[in-house]
Amino acid sequence: MMSLLSDVATGVGRLVQGELRLARTEATEGLKAAGSGLVKIGVAAIIGLVGLNLLAGAAVAALAATGLGPAWSALLVGAALCLLALGLALAGRAALRLRGIWPERALRGLRRDAEAVQQGLNGTEARHV
């Protein structure tokens, strides 16, 4: 009987170790993929900024070619881009305020569950007394 229990305990131990190794391997692969994705997003952001800079320069050159002075062209394009950035920043801030960062519904559900468990424990204790 003891030998059987020992074999079961050994088998369960090996099973748990194997599952932990598998979980570690999966987590490592997931982190590598996430890191690769973040690098690609970072490079895309840098290239995108360079592209926007070139487009702004082209817009300044196009305005200057119409007869508007280079300084006024740059001022006009710069002001338009700053207004666009301000609008996007305000819209983003409003979206964050509306949605919030905390998962309110999930937290309310957890509070309700904790209260129900607490009431259940209090009710159970009262019956046993």
Side-chain angles (χ1 to χ4, degrees):
M1 179 75 165
M2 291 301 282
S3 171
L4 181 61
L5 288 176
S6 175
D7 289 345
V8 168
T10 302
V12 168
R14 281 190 212 133
L15 180 64
V16 169
Q17 288 175 351
E19 291 295 328
L20 288 174
R21 278 193 299 272
L22 177 61
R24 189 177 318 131
T25 301
E26 287 178 351
T28 301
E29 289 172 1
L31 287 174
K32 285 179 183 177
S36 172
L38 287 174
V39 167
K40 289 174 184 173
I41 289 172
V43 170
I46 292 169
I47 292 171
L49 286 173
V50 170
L52 286 175
N53 191 19
L54 289 172
L55 288 174
V60 169
L63 284 174
T66 64
L68 192 60
W72 288 108
S73 298
L75 180 65
L76 184 64
V77 170
L81 289 174
C82 286
L83 287 174
L84 177 64
L86 177 64
L88 289 171
L90 292 175
R93 186 177 74 171
L96 285 176
R97 265 196 217 146
L98 291 176
R99 179 148 244 192
I101 295 174
W102 296 102
E104 292 296 328
R105 287 185 294 178
L107 290 175
R108 278 194 304 266
L110 286 173
R111 283 188 204 110
R112 279 194 309 266
D113 293 346
E115 289 170 4
V117 168
Q118 185 66 34
Q119 288 174 356
L121 288 175
N122 290 339
T124 303
E125 290 172 2
R127 284 188 218 126
H128 290 290
V129 173

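Here CG of L88 is found 11.0 Å from CG of L83. Values are rounded to the nearest 0.5 Å. In this structure, the separation between CZ on R24 and CG on L20 is 7.0 Å, given to the nearest 0.5 Å. In this structure, CD in E26 is found 9.0 Å from CD in E19, a value given to the nearest 0.5 Å.
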Side-chain donor-acceptor pairs of residues 36-62 under 3.5 Å, sequence neighbours excluded:
none

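Between P70 and A64, the shortest heavy-atom contact is CA-CB, 4.3 Å.
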